[in-house]
Participant: 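Take this structure, written in structure tokens, and hold onto it; I'll ask about it next.
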Amino acid sequence: MTLDTSDIMKIGDWLLRQALAEKSNETVLEALAGKLVHLGIPIDRCRMSWSTLHPLFEAETVLWRADGGVSTSRFPHQDEDSEEWLRSPIKWMLDHGETSLRSRLDGSGPLPFDLYVELRDQGYTDLVGFRTEMFTSRSLLPPRMDDIGLYMTWATRLPGGFEDKVIEALQQLQRYMALVCKLNIYPRLISNVTDTYLGPTIAREVLGGRIRLGSGSQVRALIWYSDLRNSTGLAEDLREERYLELLNDYFDCAGRAAVEAGGEILAFIGDAVLAIFPIREGETTEREASAAAVKAARAARAVRETVNVRRQASGEQAFDFGIALCIGDVRFGNIGIHQRLSFSVIGPSVNEAERIEKETKRLGIPVLAEDEVAACDPDQWEPIGNFRLPGTHHETSLFALRDEALVSV
């Protein structure tokens, strides 16, 4: 086949434009494969993989096939390396410091990797792979020990496999693709970190430029405040490792229930969980936010029962917690000093939720809410009286979640 070097340079220039336009890796890979096929390069399969920074996933992959289009995959973190990873060509490349490999698949002899056997069975005759580091030790996100960089493999079903000039062209385009991938994943990595440690709402505020002391915005929300019972005593009685396990079990009950119901955790304050269910005009009403929070409260209490059965069966300490719900206007804002800011939520409703939660312990009622929450669905709540919360000059009407009112905490 005839392959004009200028055609490859044009594709490289096109890839640079795609990077600046922030086109997705999936879109770019599919279009790139189409351009190469149009040039007569016999591409039938391409896979690109890269490491990510995410609490659930350690790597992402985009796969293009001439007979199947584009698909994406994410690989979860594992405590131990899987057999598939240990026998993979990319693991071999990392272990041996290699940045390229090639293997003919059209013979009948043994092949070094299970993937190669699988591809040969599917009719592929040749495979070439390249690995390019995208971050250096000087980067904001320096490479980790398990960082694969950008790993790409190209495969063909053409009898005789790839010509050498095709492999050279693909290797030349690898650097362009690494730049495309780096520019695409950098914002996602930053977003993953900020979402994980700040929560999506605060992350949007911070990344949107509200990084000056005092800056922020006003929102209306249902406030969820949960606190672990007897945390000081548990911390003293249990070894650090066992207490940490208990704390994470508690967070998994209270925090996960809130998030899965549509809430957003703003902070873990010691052994307390502060979350909100935003109320936005045209999007979420007070009734809807209240229904979601009630669903979360019931789910958290139910999961607690299950987790405690498991903990006690293994000889571990059971735990309990209270939940307070209230509706009000809060302000997202930067507090602290210019050199070190914390983007937090402040306002009377936050303080009220914390004080109501303390009443769950004093009254022996696991879930309490103020009247605005209870008014959204009166059938869910049982009035228990008016109380003057510490630090306030007025009485607050409190309501207990039905079916939970008599359960001591």
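Worth knowing before you read on, the calculation uses all heavy atoms, side chains too, and leaves out hydrogens, waters and symmetry mates. Note that the structure is predicted; figures quoted are calculated from it, not measured.
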Participant: Listed by chain and number, what are the side chain to side chain contact (heavy atoms under 4.5 Å, CB included) partners of Arg256, not counting sequence neighbours?
Facilitator: Asp252, Glu260

Participant: Looking at Tyr151, does the NZ or CZ of Arg131 lie under 6.0 angstrom from its six-membered ring centre and within 45 degrees of the ring axis?
Facilitator: no

Participant: For Phe75, give me all partners under ring pair (Phe, Tyr, Trp, His ring centres under 6.0 Å), at least two apart in sequence or on another chain.
Facilitator: none

Participant: By the salt bridge (charged side-chain N to carboxylate O under 4.0 Å, His left out) test, which pairs, at least two apart or in different chains, include something from residues 91-102?
Facilitator: Lys91-Asp95, Arg102-Asp126, Arg102-Asp164

Participant: side-chain contact (heavy atoms from CB on, under 4.5 Å) with Phe130: which of Ile167, Leu101, Thr153, Thr99?
Facilitator: Ile167

Participant: Show me the pairs that pass ring-ring contact (aromatic ring centres under 6.0 Å, His included) and involve residues 228-247, at least two apart or across chains.
Facilitator: none

Participant: For residues 8-18, dump all side-chain donor-acceptor pairs below 3.5 Å to protein atoms at least two apart in sequence or in another chain.
Facilitator:
| unit_1 | atom_1 | unit_2 | atom_2 | d |
| --- | --- | --- | --- | --- |
| Asp13 | OD2 | Arg17 | NH1 | 2.5 |
| Gln18 | NE2 | Trp14 | O | 3.4 |

Participant: How would you list, by chain and number, every residue that makes a side chain to side chain contact (heavy atoms under 4.5 Å, CB included) with Phe319, sequence neighbours excluded?
Facilitator: Leu228, Leu246, Asp249, Tyr250, Cys253, Arg304, Val307, Asn308, Arg311, Phe321

Participant: If you look only at pairs with a residue in residues 113-124, which of them pass as a salt bridge (charged side-chain N to carboxylate O under 4.0 Å, His left out), with sequence neighbours excluded?
Facilitator: Arg87-Asp114

Participant: Between Asp44 and Trp64, which heavy-atom pair has the shortest distance, and what is it?
Facilitator: C-CZ3, 3.7 Å

Participant: Just grab all the side chain to side chain donor-acceptor pair (under 3.5 Å) pairs involving residues 271-284, residues at least two apart or on different chains.
Facilitator: Ser231-Asp271

Participant: Using the test ring pair (Phe, Tyr, Trp, His ring centres under 6.0 Å), find all partners of His38 that sit at least two apart in sequence or belong to another chain.
Facilitator: none

Participant: Run the salt-bridge test on Arg355 and Glu352 with the 4.0 Å N-O cut-off and return the result as yes or no.
Facilitator: no

Participant: Would you check if Ile41 and Thr156 make a side-chain contact, meaning some heavy-atom pair closer than 4.5 Å?
Facilitator: no

Participant: Just distance, no hydrogens or angles: give the donor-acceptor pairs under 3.5 Å from side chains in residues 26-37, sequence neighbours left out.
Facilitator:
| unit_1 | atom_1 | unit_2 | atom_2 | d |
| --- | --- | --- | --- | --- |
| Thr27 | OG1 | Ser24 | OG | 2.8 |

Participant: Answer whether the closest heavy-atom distance between the side chains of Ser51 and Glu58 falls below 4.5 Å.
Facilitator: no

Participant: Salt-bridged, Arg220 to Glu286, with N to O below 4.0 Å?
Facilitator: yes

Participant: Only pairs at least two apart or in different chains count here, so list each side chain to side chain donor-acceptor pair (under 3.5 Å) that has a residue in residues 167-176.
Facilitator: Thr132-Gln174

Participant: What residues form a side chain to side chain contact (heavy atoms under 4.5 Å, CB included) with Asp379, not counting sequence neighbours?
Facilitator: Asp377

Participant: Check this for me, if you would: do Glu241 and Arg239 make a salt bridge, where the nitrogen-to-carboxylate-oxygen distance has to be below 4.0 angstrom?
Facilitator: no

Participant: Please check if any side-chain donor atom of Arg229 sits under 3.5 Å from a side-chain acceptor atom of Thr360, or the reverse.
Facilitator: yes

Participant: Quick one, Glu359 with Arg362, criterion salt bridge (charged side-chain N to carboxylate O under 4.0 Å, His left out). Give me CA distance, side-chain angles, the key distance, then yes/no.
Facilitator: CA-CA 5 Å; Glu359 295 298 298; Arg362 189 178 70 83; 2.7 Å; yes

